[in-house]
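Note sheet for the following structure.
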Amino acid sequence: SEGAAQRAWQKVPCPFDTAAALLPVECGRLKVPENPDDSARRSVELAFMVVRAPVRTNADYPVIFLNGGPGTISLIHVEKLVTLEAIRDVAVDRDWVFFDMRGTGRSKPSLYCPPRNTLVECRSIFLKDSVDLSQYNSIRIADDMEALRKALGARQWVVWGTSFGSRPAYTMARYYPASVRALVIDAPYLPEDQETVDDFRGADIVFNRILSKCAADSACAAKYPRLRDRFVTALRKLRQQPLSDDSARFDDTRVVFFLRNALYGGNVPGEEPRVQYDISYMDAVARSDAPLMLEIERKLAAETPPRPQFPVEGRGSMGMSLSVQCREEFAFESREEYARAALISDIVRAFMPDGQMDGNFQSCAQWPTGQADAIENTRVYYDGPQLVFTGELDATLSGITGFKIETLYANARHVLFRNAGHAQFYIRSFDYTPEESVYRRCALGLARQFLANPQQALDTRCAEARTLRLVP
């Protein structure tokens, strides 16, 4: 019964000093079946945290947050976030619920796989523990959200999905539409997207957008004339004749992955120097200047701070990542699709080195998840309100998916963040910077405007705030 479900969760002490939290928090655990179709077998224990808003004008409609990944962690980051002033921009007029998705973080079992272990060794450990790897995916995450909604007594969720989190968000809307008040999707991708190829296409679009910005900017065009033509010509040549330095070898694949990772790599250094590095790197490629290419790579690496070291509960779960990707993503991709995409664009082709695109299929052949039903790779028909954020310079499939969502869904609003990268609000507070905070607060504020009245016009000027100098 609904009442029994509401009593099912267990309040537990939070694993950090809650006296340091700037808003009231409550930590809990909820047991759910690993496989709802065979509830007599093992349970999954979901770890979650509720952050209480100071003014709960929307108490029946809390936000449930879905982080990216798959396989990344929420709670260890939120435990830090609630001690920072930034949390006051998050939980303002409704509670927020954060949880470690099944298979990750503080939830049990964890599908964390130590780096020293091989894929086969990790698989053997999980199977010996009777873990059913076919039950760790977007459908089960949606089932878990529904169980958590009932347990907490929420009328409906506002589902906030970031990056990969948008996939279980749409899955929730597919199977539990009556439980969804609205979707807020940041750095989206859709269940029907073909992630591998579409990610490369997204990078192609952003590289060309940067090249167009350079051509239209007098200082950039003067310093780097005809940059697109020279760069693409050099990229083709690198595929056949890689450049060598005393300590490095540069082919087209190394080039495009550096360019994409530079844009995707975090908030220090900021977006402006990252774009400047990309433009100067493209010019170095065009001039076959391997020493300068290596120098730029090393400079960016030196300016990028190392990630903090986390305990096991804060480390990414390779097992969960494989379980999701192998069942519902790679199962619907093919080598033929990769080959067709490579024929259309030199940049897309550079992301796919000859003879090296079988890795995903080989890994999945050893990871017993089975294949999801075909419907999981199709469009979700959802009529409720959606607010979608994309970054103009998001070099993944998310950069184009926001426009697609606005076209497909009559009740979707799309906000493009000028000169921004991947995701505008995320919970990794170690990445917070003064530059980043402008768009983070903007996204949170726009969401509050939208949720107050999805039909009202949004004041999106805050999403146009970032300007870039293309030449230092």
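Any value given below was found using the heavy atoms of this structure, including those in side chains, with hydrogens, waters and symmetry copies removed.
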How far does CZ of Arg149 sit from OG of Ser179, to the nearest 0.5 angstrom? 3.5 Å
So, does Asn377 use its side chain to make a donor-acceptor pair with the main chain of Pro191 at under 3.5 Å? yes
Is it true that Phe361 and Tyr338 have ring centroids separated by less than 6.0 Å? yes
Between Asp251 and Gln241, is there a side-chain donor-acceptor contact under 3.5 Å, judged purely by atom types and distance? no
First locate atom OG1 of Thr162, then atom CG of Asp186, and finally report the distance between them rounded to the nearest 0.5 Å. 4.5 Å
Please state whether the rings of His77 and Phe430 are parallel, tilted or perpendicular, taking 30° and 60° as the class boundaries. tilted
Within the 4.5 Å heavy-atom criterion, are Val32 and Ser43 side-chain neighbours or not? no
Side chain proximity check, Tyr136 to Met101, heavy atoms < 4.5 angstrom: no
Given side chains that start at C-beta, do those of Glu392 and Phe417 come closer than 4.5 Å, heavy atoms only? no
Mind checking whether Val120 and Trp367 have side chains closer than 4.5 Å, heavy atoms only? no
Just verifying a value: how many Å separate Phe65 CZ and Ile427 CD1, rounded to the nearest 0.5 Å? 5.0 Å
Establish, yes or no, whether the cationic atom of Arg315 lies under 6.0 Å from the six-membered ring centre of Phe310 and within 45° of the ring axis. no
Check the angle between the aromatic planes of Trp160 and Phe425 and answer parallel, tilted or perpendicular using the 30° and 60° thresholds. perpendicular
Under 3.5 Å, is there a donor on one side chain and an acceptor on the other for Glu195 and Gln325? yes
Yes or no on salt bridge (charged side-chain N to carboxylate O under 4.0 Å, His left out) for Arg340 and Glu336, after CA distance, side-chain angles and deciding distance? CA-CA 6 Å; Arg340 287 193 298 271; Glu336 293 74 22; over 6 Å; no
Flag, side chain of Glu435 to backbone of Tyr432, donor-acceptor distance under 3.5 Å: no
Measure from NZ or CZ of Arg228 to the centre of the six-membered ring of Phe231, then state whether that distance is under 6.0 Å and the direction lies within 45° of the axis. no
Can you tell me if Arg287 has over 12 outside heavy atoms packed within less than 6.0 Å of its CZ? yes
Are Phe200 and Phe351 near enough that their ring centres are under 6.0 Å apart? yes
Flag side-chain contact, heavy atom, 4.5 Å: Glu406 against Arg413: no
Keeping the roles fixed (side chain from Asn137, backbone from Ser134), state whether a donor-acceptor pair exists under 3.5 Å. yes
So how far is it from Asp431 CG to Arg440 CZ, rounded to the nearest 0.5 Å? 10.5 Å
Answer yes if the ring centres of Tyr382 and Tyr170 are under 6.0 angstrom apart, and no otherwise. no
Glu333 (side chain) donor-acceptor with Thr196 (main chain) under 3.5 angstrom: yes
Keeping the roles fixed (side chain from Asp100, backbone from Ser74), state whether a donor-acceptor pair exists under 3.5 Å. yes
Is it true that Arg254 and Glu297 make a salt bridge, defined as a side-chain N closer than 4.0 Å to a carboxylate O? yes
Spatial distance of atom CZ (Arg174) from atom CD1 (Ile375) [nearest 0.5 Å]: 4.5 Å
Please confirm whether Phe258 and Tyr277 have ring centers closer than 6.0 angstrom. no
Answer whether the closest heavy-atom distance between the side chains of Leu75 and Met49 falls below 4.5 Å. yes
To the nearest 0.5 Å, how far apart are OG1 in Thr104 and CD in Glu313? 11.5 Å
What do you reckon, are the aromatic ring centroids of Trp157 and Tyr176 less than 6.0 Å apart? no
Whether Asp354 and Arg239 form a salt bridge (side-chain N of Lys/Arg under 4.0 Å from carboxylate O of Asp/Glu) is what I want to check. yes
Under a 4.5 Å cut-off applied to non-hydrogen side-chain atoms, are Phe164 and Ser138 in contact? yes
Arg167 vs Glu328, salt bridge (charged side-chain N to carboxylate O under 4.0 Å, His left out): CA-CA, chis, key distance, verdict: CA-CA 10 Å; Arg167 178 153 192 150; Glu328 61 194 43; 3.3 Å; yes
Would one find more than 12 heavy atoms of other residues, nucleotides or ligands at under 6.0 Å from atom CG of Asp383? no
Are the side chains of Glu79 and Arg106 in touch, meaning some heavy atoms are under 4.5 Å apart? yes
Within a radius of less than 6.0 Å around NZ of Lys213, do more than 12 heavy atoms belonging to other residues, nucleotides or ligands occur? yes
